Undergrad: 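After the structure tokens below, expect a handful of questions from me.
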Amino acid sequence: PAEIARLRTVGTNSWFELTIHEGRNRQVRRMCEKLGLMVVRLKRIRLGTLTLDRLPVGHYRVLSGDELKKLKRII
């Protein structure tokens, strides 16, 4: 099952952290739509064991050999 946690609310806007274990096309948007929630922005922060951590916007880093092997297994 999906896990959700409200991170903060400012006025009529709320930020959530949502964890799903298998993502289908537009799945998060459809889930929120069913609950009457409008999604303005989505940000993927993790894929398998890869995380954004403190990577600045617009930057990238080279993946290690081990990270590439793990990523190929889940794709």
Side-chain angles (χ1 to χ4, degrees):
E3 298 172 27
I4 189 165
R6 185 181 309 218
L7 300 177
R8 65 182 173 187
T9 299
V10 177
T12 59
N13 298 314
S14 295
W15 285 257
F16 294 91
E17 183 176 285
L18 178 65
T19 303
I20 56 176
H21 300 282
E22 181 181 359
R24 302 270 183 213
N25 186 34
R26 300 182 59 81
Q27 179 178 352
V28 171
R29 291 187 187 276
R30 289 185 180 135
M31 289 168 57
C32 291
E33 184 180 296
K34 293 283 185 188
L35 297 172
L37 301 172
M38 181 177 70
V39 176
V40 176
R41 181 172 176 246
L42 289 173
K43 181 179 179 181
R44 182 187 303 263
I45 60 171
R46 190 175 104 185
L47 178 62
T49 58
L50 296 175
T51 62
L52 286 179
D53 289 325
R54 292 183 174 88
L55 191 65
V57 174
H59 287 77
Y60 68 93
R61 68 173 181 82
V62 178
L63 299 178
S64 70
D66 188 46
E67 288 172 325
L68 282 172
K69 286 179 190 175
K70 288 178 182 176
L71 187 58
K72 286 179 182 179
R73 273 189 250 142
I74 65 170
I75 294 180

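These numbers were taken from a predicted model, which means no experiment stands behind them.
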Undergrad: For the residue pair Arg30 and Lys34, establish whether any side-chain heavy-atom pair is separated by less than 4.5 Å.
TA: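 A side-chain contact under 4.5 Å is absent here.
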
Undergrad: For Leu7, give me all partners under side chain to side chain contact (heavy atoms under 4.5 Å, CB included), at least two apart in sequence or on another chain.
TA: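 Partners of Leu7 under the side chain to side chain contact (heavy atoms under 4.5 Å, CB included) test: Trp15, Glu17.
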
Undergrad: Could I get the full list of side chain to side chain contact (heavy atoms under 4.5 Å, CB included) partners for Arg6, not counting sequence neighbours?
TA: Thr9, Ser14, Phe16

Undergrad: Look up atom CD in Gln27 and atom CG in Leu18, then write down how far apart they are to the nearest 0.5 Å.
TA: 8.5 Å

Undergrad: Sequence neighbours excluded, which residues qualify as side chain to side chain donor-acceptor pair (under 3.5 Å) partners of Arg24?
TA: Glu22

Undergrad: Would you list the atom pairs, donor with acceptor, under 3.5 Å between side chains in residues 44-53 and any protein atom, with sequence neighbours excluded?
TA:
residue: Arg46; atom: NE; partner: Gly48; partner atom: O; Å: 2.9
residue: Thr51; atom: OG1; partner: Asp53; partner atom: OD1; Å: 2.9
residue: Thr51; atom: OG1; partner: Asp53; partner atom: OD2; Å: 3.0

Undergrad: Would you say Leu37 ends up clustered with Ile4 if hydrophobic residues are merged whenever their side chains have heavy atoms under 4.5 Å apart, either directly or through other cluster members?
TA: no

Undergrad: Sequence neighbours left out, cut at 3.5 Å: what donor-acceptor pairs do the side chains of residues 56-66 make with other protein atoms?
TA:
residue: His59; atom: ND1; partner: Val57; partner atom: O; Å: 3.3
residue: Arg61; atom: NH1; partner: Glu67; partner atom: OE1; Å: 3.0
residue: Arg61; atom: NH1; partner: Glu67; partner atom: OE2; Å: 3.4
residue: Arg61; atom: NH2; partner: Glu67; partner atom: OE2; Å: 2.8
residue: Ser64; atom: OG; partner: Glu67; partner atom: N; Å: 3.1
residue: Ser64; atom: OG; partner: Glu67; partner atom: OE1; Å: 3.4
residue: Asp66; atom: OD2; partner: Lys70; partner atom: NZ; Å: 3.4

Undergrad: Taking the side chain as every heavy atom from C-beta outward, state whether His21 and Glu3 have any pair of such atoms under 4.5 Å apart.
TA: yes

Undergrad: Which residues pass the side chain to side chain contact (heavy atoms under 4.5 Å, CB included) test with Val39, sequence neighbours left out?
TA: Arg29, Cys32, Leu42

